[in-house]
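Written out below as structure tokens is the structure these notes cover.
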Amino acid sequence: DPAAADAFFRARPLLVAKRLCSLSYLTGGFTAGVLWDWLVLGKLLRDEEYKALKASEPNRAKEALNLCEQLGPTFIKLGQALSIRT
């Protein structure tokens, strides 16, 4: 029930803030790494074929898996849903 969920989390702003900080902390390094691969190695160094990005794909996939495990069951389900669409 969306209304019940809204009421639950609206009454607990510190819980929401804590979870947002946790998500930001856990995903920040991964996101920065992907942006580095794409923007700096790909765009700024004019790697038109994105060789550096493709080379780092296996490591980024392992990082993404570990990140999903750290983030919990909702993100594991999200990862499963995304994996069947590739």
Side-chain angles (χ1 to χ4, degrees):
D1 177 27
D6 183 49
F8 178 85
F9 288 109
R10 191 175 300 272
R12 295 164 178 83
L14 292 177
L15 178 69
V16 173
K18 181 181 173 186
R19 184 63 175 159
L20 285 174
C21 288
S22 174
L23 289 173
S24 298
Y25 174 75
L26 289 172
T27 61
F30 177 77
T31 304
V34 171
L35 284 173
W36 173 266
D37 290 346
W38 176 74
L39 184 62
V40 176
L41 299 179
K43 294 289 186 181
L44 295 179
L45 297 180
R46 303 196 192 286
D47 181 6
E48 307 263 333
E49 297 175 15
Y50 294 102
K51 292 178 186 174
L53 184 63
K54 290 177 185 174
S56 68
E57 244 177 36
N59 289 334
R60 295 286 178 217
K62 290 175 187 172
E63 287 178 36
L65 176 61
N66 289 334
L67 185 59
C68 285
E69 290 173 354
Q70 289 176 345
L71 290 172
T74 301
F75 288 89
I76 291 173
K77 280 305 210 186
L78 179 62
Q80 290 171 340
L82 291 173
S83 73
I84 62 171
R85 288 167 172 56
T86 59

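Remember, it's a predicted structure, so these values are computed and weren't measured experimentally.
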Considering only distance and modelled atom types, tabulate donor-acceptor pairs under 3.5 Å from the side chains of residues 26-39, sequence neighbours left out.
{"from": "T27", "atom 1": "OG1", "to": "L23", "atom 2": "O", "distance (Å)": "2.6"}
{"from": "T31", "atom 1": "OG1", "to": "T27", "atom 2": "O", "distance (Å)": "2.9"}
{"from": "D37", "atom 1": "OD1", "to": "R60", "atom 2": "NH2", "distance (Å)": "3.4"}
{"from": "D37", "atom 1": "OD2", "to": "S56", "atom 2": "OG", "distance (Å)": "2.8"}
{"from": "D37", "atom 1": "OD2", "to": "R60", "atom 2": "NE", "distance (Å)": "2.8"}
{"from": "D37", "atom 1": "OD2", "to": "R60", "atom 2": "NH2", "distance (Å)": "3.1"}

Donor-acceptor contacts, no H, no angles, side chain residues 5-19, under 3.5 Å, sequence neighbours left out:
{"from": "D6", "atom 1": "OD1", "to": "R10", "atom 2": "NH2", "distance (Å)": "3.1"}
{"from": "D6", "atom 1": "OD2", "to": "R10", "atom 2": "NH2", "distance (Å)": "3.2"}
{"from": "R12", "atom 1": "NH1", "to": "F8", "atom 2": "O", "distance (Å)": "2.8"}
{"from": "R19", "atom 1": "NH2", "to": "L71", "atom 2": "O", "distance (Å)": "3.0"}

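Grouping Ile, Leu, Val, Met, Phe, Trp and Tyr by side-chain contacts under 4.5 Å, direct or through others, leaves I76 on its own.
Listed by chain and number, the residues in a salt bridge (Lys or Arg N to Asp or Glu O under 4.0 Å) with E57 amount to none (sequence neighbours excluded).
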